[in-house]
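Contents: one structure, followed by commentary.
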Amino acid sequence: MHTGCWQRYGNILNIDTSGASAATAKPEGLNYAGVRASEKIAQRDLKNMDKYHASITEVGQNKCVDPALIAAVISRESHAGTVLDGGYGDHGNAFGLMQVDTRYHKPAGSWDSKEHITQGAEILNDMLGQMEKKFPTWTKEQQLKGAISAYNAGARNVQSYDGMDIGTTHNDYANDVIARAKFFKRNGY
């Protein structure tokens, strides 16, 4: 598999992460938090995620986004689609596997389509571009982590490297997604 394209944005495996917060882990029935909790949640989503493996891989290659990262966002946002109501979540404000915010974006494709995953990857790329401009001295990995945080809470929310998740859902979005991405990377994504 050709991986060079997304390597220019940094390697997901080299990004530090504290994993899921207790606020994310507890509703999942876990009495522990951290990387172990993120991995457990991702493991639960793996079987459903495999339905989308081919689309995730293709979009990742086309849009230069690590497929493991796309899978991790899908896991965090919709548990691979299993918690959506007619493709919607967040009280009808978010659409599809990657929960694209309908207040800021016009949804593309059906909720579980390649078009939808492409749109989510494009939003991630847009956030990455904003992080590169906003924090030019950060490493590629730091910019990528910032982009993941911005995917959830917007580029304006990212103020510092250590505090980037403050203001994201459960204040752990990028850290949880990165820990899940590392799990998906080890499991064929």
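Starting from 1, each residue takes its place in the sequence as its number. Computed from a predicted structure; not experimentally measured.
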Worksheet item: Considering residues, nucleotides and ligands other than R103, do more than 12 of their heavy atoms fall under 6.0 Å from its CZ?
Response: yes

Discussion item. With side chain to side chain contact (heavy atoms under 4.5 Å, CB included) as the criterion, how do E132 and M127 come out once you've worked through the C-alpha distance, each side chain's angles and the decisive distance to 0.1 Å?
Written reply: CA-CA 9 Å; E132 288 169 343; M127 293 302 150; over 6 Å; no

Worksheet entry | Heavy-atom pair with the smallest gap, counting every atom of G96 and S78 | O-CB, 4.2 Å

Item to complete: Ignoring hydrogens and angles, state whether a donor on the side chain of T82 or N48 is under 3.5 Å from an acceptor on the partner side chain.
Response: no

Worksheet item: With distance as the sole test, does N11 use its side chain to make a donor-acceptor pair with the main-chain N or O of L13 at under 3.5 Å?
Response: yes

Fill in: Cluster link Y52 to F183, ILVMFWY, side chain under 4.5 Å
yes

Fill in: Closest heavy-atom pair and its distance - I148, L124
CA-CD2, 4.3 Å

Discussion item. Assess, by modelled atom type and distance only, whether the side chains of E77 and Y173 contain a donor and an acceptor separated by less than 3.5 Å.
Written reply: yes

Response to the item:
Closest non-hydrogen atoms of K63 and A121, given as atom of the first, atom of the second and distance, are CB-CB, 4.0 Å

Item to complete: Answer yes or no: are there more than 12 heavy-atom neighbours, outside R36 itself, under 6.0 Å from its atom CZ?
Response: no

Worksheet entry | Point-to-point distance, once rounded to the nearest 0.5 Å, from CG of L46 to CE of M49 | 8.0 Å

Worksheet item: In terms of side-chain heavy atoms, does D176 have a donor or acceptor partner in S38 at a distance below 3.5 Å?
Response: yes

Worksheet item: Would you find more than 12 non-hydrogen atoms of other residues, nucleotides or ligands less than 6.0 Å from K26 atom NZ?
Response: no

Worksheet item: Below 6.0 angstrom between ring centroids: does that apply to F95 and W111?
Response: no

Worksheet entry | side chain to side chain contact (heavy atoms under 4.5 Å, CB included) between K182 and T17, worked out | CA-CA 10 Å; K182 290 179 182 189; T17 178; 4.1 Å; yes

Item to complete: Go through the steps to decide whether E39 and R44 satisfy the test salt bridge (Lys or Arg N to Asp or Glu O under 4.0 Å), and finish with yes or no.
Response: CA-CA 9 Å; E39 290 174 343; R44 289 175 181 169; over 6 Å; no

Discussion item. How long is the straight-line distance from CE of M164 back to CG of N171, given to the nearest 0.5 Å?
Written reply: 13.5 Å

Practice prompt. Please determine, by modelled atom types, if S21 and H170 share a side-chain donor-acceptor pair under 3.5 angstrom.
Written response: no

Worksheet item: Would you say the side chains of K145 and N175 form a donor-acceptor pair under 3.5 Å?
Response: yes

Worksheet item: Does the side chain of I41 come within less than 4.5 Å of L30's, by heavy atoms?
Response: yes

Fill in: Separation between CD of Q43 and CZ of R186, rounded to the nearest 0.5 Å
10.0 Å

Worksheet item: Side chain of H79, backbone of A42: donor and acceptor closer than 3.5 Å?
Response: no

Worksheet item: Is there a path from V100 to V177 through hydrophobic residues (I, L, V, M, F, W, Y) whose side chains come within less than 4.5 Å of each other?
Response: yes

Worksheet item: Rounded to the nearest 0.5 Å, what separation is found between the CG atom of L144 and the CD1 atom of I178?
Response: 6.5 Å

Discussion item. Please determine whether side chain to side chain contact (heavy atoms under 4.5 Å, CB included) holds for the pair R76 and D172, giving the CA-CA distance in whole Å, both sets of side-chain angles, and the decisive distance to 0.1 Å.
Written reply: CA-CA 11 Å; R76 170 71 186 228; D172 70 346; 2.8 Å; yes

Discussion item. Under a plain distance cut-off of 3.5 Å, with no hydrogens placed, do D16 and Y161 share a side-chain donor-acceptor pair?
Written reply: yes

Item to complete: Grab the two heavy atoms, one from A25 and one from A37, that are nearest each other, plus how far apart they are.
Response: CB-CB, 3.9 Å

Worksheet item: Do I15 and V35 belong together in a cluster built from hydrophobic side chains that touch within less than 4.5 Å?
Response: no

Practice prompt. Kindly work out whether a path of hydrophobic side-chain contacts (I/L/V/M/F/W/Y, heavy atoms less than 4.5 Å apart) joins I166 to F135.
Written response: no

Fill in: Donor-acceptor side-chain pairing of D50 and Y189 below 3.5 angstrom
yes

Fill in: Donor-acceptor side-chain pairing of T102 and N93 below 3.5 angstrom
no

Worksheet entry | Atom of S149, atom of D165 and distance for their closest heavy-atom approach | OG-OD1, 3.6 Å

Worksheet item: Distance-only, no hydrogens or angles: does the Q159 side chain make a donor-acceptor pair with backbone N or O of R156 under 3.5 Å?
Response: yes

Worksheet item: Does NZ or CZ of R180 come closer than 6.0 Å to the centre of the six-membered ring of F184, within 45° of the ring's axis?
Response: no

Fill in: Pair H105-E122, side-chain donor/acceptor within less than 3.5 Å
no

Discussion item. For the CD atom of E58 and the OG1 atom of T118, what is their distance to the nearest 0.5 Å?
Written reply: 7.5 Å

Item to complete: Of all the heavy-atom pairs spanning K134 and A155, show the shortest one and how long it is.
Response: NZ-O, 2.9 Å

Worksheet item: Within the side chain of H116, is there an N or O that forms a donor-acceptor pair under 3.5 Å with the backbone of P107?
Response: no

Practice prompt. Please assess K40 against D45 for the test salt bridge (Lys or Arg N to Asp or Glu O under 4.0 Å), listing each intermediate value before the final yes or no.
Written response: CA-CA 9 Å; K40 182 66 175 176; D45 290 339; over 6 Å; no

Worksheet item: Could you state the interatomic distance from OG1 (T57) to CD1 (I70), rounded to the nearest 0.5 Å?
Response: 8.5 Å

Fill in: pair I117-I56: side-chain heavy atoms closer than 4.5 Å
yes

Worksheet entry | Y151 with M131, same ILVMFWY side-chain cluster at under 4.5 Å | yes

Worksheet entry | Evaluation steps, salt bridge (Lys or Arg N to Asp or Glu O under 4.0 Å), between K185 and D66 | CA-CA 9 Å; K185 181 67 99 181; D66 191 326; 2.8 Å; yes

